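A short write-up of the structure that comes next.
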Amino acid sequence: MSSGKEPLIRTAKRADLPRYQIYLLRAAALLLALVAGGLFILCLGHNPLVIYATIIKGAFRSPMVIQATIKIMIPLFICSLGVTVAFKMRFWNIGAEGQLIMGAVFASYFALFHSDWPHWVLIIVMIIAGFAGGGLFGLIPAYFNAKWGTNETLFTLMLNYIALNIICLLRDTVWADPKSPGFPKIARFAQNSQLDKLFGVQMGWIFGLILLIFVFVYLKYTKHGYEISVVGNSHGTAKYAGMNVKKIILRTMFLSGGICGIAGMAQATGSDMTLATGVAGGVGFTAIIVAWLAQLNPWGILLVSFLFSVLEKGSTVIQSEYGLSADCADVLQGIILFCVLASEFFLRYQFVLRKKGGGRS
Amino acid sequence: MSDTNTERPAIACKGITKVFGTVVANDSVDLQVKYGEILALLGENGSGKTTLMNMLSGIYHPDGGQILIDGKEVVISSPIDADALGIGMIHQHFKLVEVQSAMENIVLGTKGKLPKTKQLRRDILAISEKFGLEINPDQKIYEMSVSEKQTVEILKVLYRGARILILDEPTAVLTPQETQKLFAILRKMREEGAAVIIITHKLNEVMEISDRVTILRKGKSIDTVITKETSPQKLTELMVGHEVTLEIRRPEYEDPSDLLHVFHLKVDKPDGSAGLKDVNFVLKRGEILGVAGVAGSGQKELCESIAGLIPVKEGAILYEKKDLKGKTPNEIINMGIHMSFVPEDRLGMGLVASMGMVDNMLLKSYKNTKGPFVRRKPARKMAKELVKKLDIKTPSVDMPVRMMSGGNVQKVLLGREIESRPNVLITAYPVRGLDINSSYTIYDLLNQQKQKGVAVMFIGEDLDVLLALSDRIMVLCHGEVTGIVDAKQATKEQIGLMMAGAGEREVMGHE
């Protein structure tokens, strides 16, 4: 009496793979993503190879274009570093978008109303303000989480919308540009309030590189970084070791939000030269993807955020040259993400097909 | 036992293999049980007992081999299939709905129309009577004791008409007296013609209850012996694979003076119910104080409140003359008190599962160095020393500790704690899940600490071990101390009665 059948496909845990196989599998995932993306482009009636080539060319064809690509990369890279700090603690900070905005808002205050200060003093003050703005905004969900155990994912997510609407509020009321009646916007920053350029790109990339070293060392070699790992592993262990878990959560989220805030400061004062509602433009969400694809490795983030920026910049070119919507880039991003995440699953599991005869060997 | 040798086996497993990743949990295992027989499945932790049984109850699917029920080959792909084949499993962790009554739990998930309550009650009581079970069908699960809950689990499978019963370590949560009751039920089932498989690693229970014993070692079925023709010593050798001495030393310490006084300790559980109610005792230098009790009698609260991890509601914990009440672990360290706690949950509390040995060595000492950076060099040296000293098996001191075996994990944890030169050492179930060799290493380590004058508290579950290792035994029941007795004089029965709530005076007065 056989009362049941073995399921057609079942998953089984896989042995730990050797390192080269892991990379091979990831490379295969990327290849698969390019093929799947190619099919998508094919369906739209274009030659995928031409489109891919155009994307690459579109991001690198001249020094000026490369500078533009780097400019896109700056906020994404810094934000990814920011969320990584929180993610290492398994604190799901989905609020990088809002923290970036608040960093931009705080920095913009000085850019708008203290443009008469000496330039370098102003720049330093704006960096601090950006950090404080993002940090304080990150501290709110951390405080509620540490005190009452609220869900940080929802909390940080909702704060993004509050931040966005704070810009709208400022734009329509107290910070409204008097020279632009009828069309609400915030005034363009004075020359003195603008971030300087180095090698043709705004200085934000320097901030990014400094933060890269800082985050790498902080997480890997400092006591704080060690505490973050322990808290991320188990609150029980952290308490057992005599750590003040609440303090660590607050401190880490202040730092995470603060770094995102610096991204906002750089974007507003270095690229936009004003405070616009599009200052974040979804960067805070893309940063989450970048951080995970890079496995929370700061050097990996450098690479992944660069590739994302290439895709972003390149797709503006396919829009102008082939009339393909820039949203294509988002679709391609989605396909890449899907394939890479699937490969992470296959690193740990494999499918076992039903054998003939129902499970006997 | 009737002569059943000519009958077809109730269950026969032939060459069952199950692989998890690189771990071969079951390697071509053979096993047979007849109706009217109790088979003990004996093996150390990690030898594949539970994996094998989970395949019989449809939770896992074998990668190879055959399962035959009543001589016919079957495929069991879900617990529902197992149910239909008359296989009932009683898990180590009960699967009951707390807010429902026994009766509701028993019919839960059965197919067809539900019988009327009256009829159902009658049916359940009829089955209870047949097998000698005591139960009130209308009682809610949350009002029941652990052994009553187990009775419900047994009834659940009997009600479904199971003829093959599998019990996964059923005695782990019972007092010796409750164990006797369970065994009486199992014998009754045997008389009624059921096939019973009992998983255990307690040798005396195997000797007492089973007709035959199948021994598993490292996923392989080593041998099947008739219980009457074997001895605990021989079973151990089969289980471990080589000769072992089953003796635990109890060295004497010359001058045991009082070190830790606990007065009227009251501690609440996280849900607000009482965890400890008015606990008083003294812990001496150079002694091992064993703590016995049914699981969940307040052991966790006792350890964690002394270690400063959970708040104390009332009472005092005096170390010499300093009160530790309301102090955090950090403050206790700063008071200059060297207290070490080896928690029950090794990877969720005592160690960081995803970190290697080196980083785990730092857990309590990383703060002691100056500057913002962690110093891994001394930790690495210490980790390497521990590997040598305690014979820890790991390919590298940087390999995540969660990938180590249970015995090695415990050596890392206990080793780190001992390296901090404690005056008080609290250990909660330190040999749980360990193989016999590792267990004896741990006993030796605890004895060494005792001889150095450390006050050792040993929360245990195996009464034989507690009686052999401890100097005194404190018995907990429902958060209260029912007695503190001299381990050299007490018997297992006496401890058992106290575990069930009887006072020390009435128990020891029987002598």
Side-chain angles (χ1 to χ4, degrees), chain A residues 1-18 88-90 149 214 217-248 251 296 347-350 352-355 357-361, chain B residues 15 17 19-23 58 61-67 69-70 72-78 80-85 304 307-310 328-334 341 343 345 347-355 359-360 362-367 369 371-376 403:
Chain A
M1 182 194 78
S2 176
S3 61
K5 267 189 177 173
E6 188 189 347
L8 181 63
I9 298 175
R10 61 196 166 83
T11 54
K13 256 204 165 155
R14 185 199 272 272
D16 283 343
L17 293 170
K88 275 271 177 187
M89 196 174 64
R90 302 219 186 154
F214 170 75
V217 171
Y218 183 77
L219 290 177
K220 195 151 186 201
Y221 297 109
T222 68
K223 290 177 181 175
H224 285 187
Y226 180 73
E227 287 173 340
I228 288 172
S229 298
V230 175
V231 171
N233 193 79
S234 153
H235 284 201
T237 306
K239 279 183 198 144
Y240 167 84
M243 294 177 188
N244 185 341
V245 175
K246 286 177 189 174
K247 191 177 114 189
I248 294 167
R251 186 182 69 205
L296 304 185
L347 288 181
R348 270 174 290 150
Y349 299 94
Q350 59 190 357
V352 179
L353 286 174
R354 185 201 298 167
K355 287 168 234 152
R360 276 165 275 161
S361 61
Chain B
T17 299
V19 182
F20 297 106
T22 43
V23 182
H61 197 278
D63 293 327
Q66 289 174 285
I67 300 172
I69 307 277
D70 296 332
K72 273 185 222 140
E73 186 173 349
V74 293
V75 176
I76 309 169
S77 53
S78 75
I80 298 169
D81 291 352
D83 213 36
L85 291 165
E304 293 185 3
L309 295 170
I310 55 172
T328 63
N330 215 6
E331 287 166 338
I332 295 175
I333 295 167
N334 292 340
F341 171 37
D345 185 1
L347 291 178
M349 184 181 258
L351 296 169
V352 185
S354 59
M355 290 181 178
D359 277 14
N360 269 299
L362 287 164
L363 193 61
K364 283 176 155 179
S365 57
Y366 75 98
K367 279 194 197 122
T369 53
F373 293 103
V374 168
R375 280 198 209 158
R376 289 197 168 80
M403 300 178 61

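In what follows, every chain begins at residue 1, and chains take the letters A, B, ... in the order their sequences are listed. Note that the coordinates shown come from a computational prediction; the quantities given were computed from them, not determined experimentally.
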Q. Hey, what do you get for CG (B:Asn360) to CG (B:Leu351), rounding to the nearest 0.5 Å?
A. 4.5 Å
Q) What option among A:Lys220, A:Met243, A:Lys223 has the most heavy-atom pairs under 4.5 Å with chain B? A) A:Lys223
Q.
Just checking A:Lys246: does its NZ atom have more than 12 heavy atoms from other residues, nucleotides or ligands closer to it than 6.0 angstrom?
A. no
Q | Interchain contact, B:Leu363 with chain A, by part (heavy-atom threshold 4.5 Å) | A | both
Q: Side chain from CB out, backbone as N, CA, C, O: work out which of these in B:Ala353 comes under 4.5 Å of a heavy atom of chain A, or both, or neither.
A: both
**Q.** chain A contact via B:Asp359 - which portion, at a heavy-atom distance below 4.5 Å
**A.** both
Q.
For B:Leu347, which atoms come within 4.5 Å of any heavy atom of chain A: side chain, backbone, both, or neither?
A. backbone
Q: Could you tell me which portion of B:Thr328 (side chain, backbone, both or neither) has an atom closer than 4.5 angstrom to a non-hydrogen atom of chain A?
A: neither
Q | Gap separating the CG atom of B:Asn330 from the NZ atom of A:Lys239, nearest 0.5 angstrom | A | 14.0 Å
Q.
Test your reading of the model: is there a side-chain donor-acceptor pair from A:Thr237 to the backbone of B:Gly348, 3.5 Å cut-off?
A. yes
Q. So, A:Tyr226 versus B:Tyr366, ring centres under 6.0 angstrom or not?
A. yes
Q) For B:Ser365, is it the side chain, the backbone, both or neither that has a heavy atom under 4.5 Å from a heavy atom of chain A? A) neither
Q: Sort B:Arg376 into side chain, backbone, both or neither according to what part of it lies under 4.5 angstrom from a heavy atom of chain A.
A: side chain
Q: Assess the side chains of B:Thr17 and B:Asp63: does a donor N or O sit below 3.5 Å from an acceptor N or O?
A: no
**Q.** Under 4.5 Å from a heavy atom of chain A, the part of B:Leu362 involved
**A.** both
Q. Atom NE2 of A:His235 and atom CE of A:Met89: how far apart are they, to the nearest 0.5 Å?
A. 7.0 Å
